[in-house]
Student: 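Right, I'll just put the structure down here and ask away after.
Order of appearance sets the numbers: ligands from 1, and atoms from 1 within every ligand. All heavy atoms count here, side chains included; hydrogens, waters and symmetry mates do not.
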Amino acid sequence: MHSTEISHSMEIEAASARIKTGMDTTSADRDYHCRVHEVELQTHDPDEPKEPRNDVTLTWEDVWVMVSNKSKGVKPILQGVTGYARPGELLAIMGPSGCGKSTLLDALAGRLSSNTRQTGDILVNGHKQALAYGTSAYVMQDDVLIATLTVREAVYYTAQLQLPDYIPISEKRERAETAIKEMGLQDAMDTRIGGWGTKGLSGGQKRRVSICLEIVTRPKLLFLDEPTSGLDSAASYYVMSRIASLGQRDGIRRLIIASIHQPSSEVFQLFHNLCLLSSGRTVYFGPASAATEFFALNGYPCPSLQNPSDHFLKTINKDFDVDIEQGATGKISTEEVINTLVKSYRSSPNCKVVLGEVAKINKQGHGAPAKGGSHANFLTQCLVLTRRSSVNMSRDRGYYWLRLAVYIIVAFGLGTIYNNIGSTYSSIQVYAK
Ligand SMILES: Nc1ncnc2c1ncn2[C@@H]1O[C@H](COP(=O)(O)OP(=O)(O)OP(=O)(O)O)[C@@H](O)[C@H]1O
């Protein structure tokens, strides 16, 4: 490692220790850490059945993510978050913009950027291990699709590239079609995706194609970063209900973790668990259906007829620093509200249940590391990529003519260099000087 990188990482480590120490000295935090150990001891049961080998369960405990910045020094993005995600369940990560949703998703998927430093345990089936190939898939916030391909072609090429060679072509084709149907795109199978300047699929359909490309390998763990961004409420509901239904498909109990901005009440009802973050701290983790009660118990009841997720986000969004009404005591700042909720969550029975679940899952998963798969071999990948590239070039007229023009210019340039060179040995020597 380069010496500046070493000093940089030491600086982050020292700062993270300082930040943690500074934040852990409150009595609530000390209680919290004592309770982590207490719960771990209580949940030890050697006779518990082991987690089935086929499933993937994820736990994370006291996860911190720091980023260093030349002007601002070391900044914590996630501050000691703990949680779990079980197979067959949909976990939603919610919070105001910039609270660390994508960072948590990246940390769990093991794809944090290199300028960040992570501490704490993220365990797969109770093991500290990287997610094996084919176990998980990550749908990014932006759609990166080839505009000239049809939906069927895009998904089928991906199936050919990502699935191992021992799976027959007919099954790869069938898997691609099943994925398309699962995302409700059967009517658009032969429609070109389209892009800048060429009309094709709608934004919602493109979002679903991105999901198809990831589910075609039938991963056991699916990460989705803002799967409904840019969609209207009806499209968001259909996309999310399709995603939720993937939890129990193809004989796999799939674990789905999605960061989401502003779900409608209907979408909110699809979540099993909710992880609510604010400035990288956990405001609530537990059953989505119990979050309203948690807010009400702490003095922030959701007004009738209001979408619960809107209420949560409004209560914990400090970007605009609006004071919040609190009963007869008057108004308090959003920062204070967040601190109250964070403390209250840490001392709540909910938090104890989460710590208990994490400890229990880690014990059960012992001895069952998640097995990975394999992808197509190098030769198959070269052939498929060449075919895909040829189809793309032949359909992209602008690209095609531009390349032809470039080739003609290069050919003309090279040709004129050797024009009238002569055919004797001495004329070649003149050019060589
Ligand atoms: N690699 C990084 N380097 C520097 N800062 C980062 C990095 N990753 C995240 N951040 C900062 O951490 C904060 C949280 O970012 P993150 O993308 O996780 O938020 P988010 O909740 O997903 O936001 P949004 O909902 O707007 O997508 C932001 O202020 C962001 O600028």
Student: My understanding is that only residues two or more places apart in sequence, or in another chain, count here; which of them pass ring pair (Phe, Tyr, Trp, His ring centres under 6.0 Å) with Tyr84?
Tutor: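 So Tyr84 forms a ring pair (Phe, Tyr, Trp, His ring centres under 6.0 Å) with Phe285.
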Student: For Pro263, is there any backbone N or O sitting under 3.5 Å from a side-chain donor or acceptor partner on Asn307?
Tutor: yes
Student: side-chain contact (heavy atoms from CB on, under 4.5 Å), that's the test. Do Leu149 and Arg192 meet it? Break it down for me.
Tutor: CA-CA 5 Å; Leu149 300 183; Arg192 289 204 191 163; over 6 Å; no
Student: Which residues pass the ring pair (Phe, Tyr, Trp, His ring centres under 6.0 Å) test with Tyr138, not counting sequence neighbours?
Tutor: none
Student: Determine, for Tyr157 and Arg387, whether the Lys NZ or Arg CZ falls below 6.0 Å from the six-membered ring centre while staying within 45 degrees of the axis.
Tutor: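 Output no; distance or angle outside limits.
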Student: Below 4.0 Å from any atom of ligand 1, which residues have a heavy atom? Give them in chain and number order, please.
Tutor: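 Contacts of ligand 1 under 4.0 Å: Val67, Lys75, Ile77, Pro96, Ser97, Gly98, Cys99, Gly100, Lys101, Ser102, Thr103, Ser113, Asn115, Thr116, Glu226, His261.
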Student: If the condition is ring pair (Phe, Tyr, Trp, His ring centres under 6.0 Å), which residues does Phe271 pass it with, not counting sequence neighbours?
Tutor: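 By the ring pair (Phe, Tyr, Trp, His ring centres under 6.0 Å) rule, Phe271 matches Phe268.
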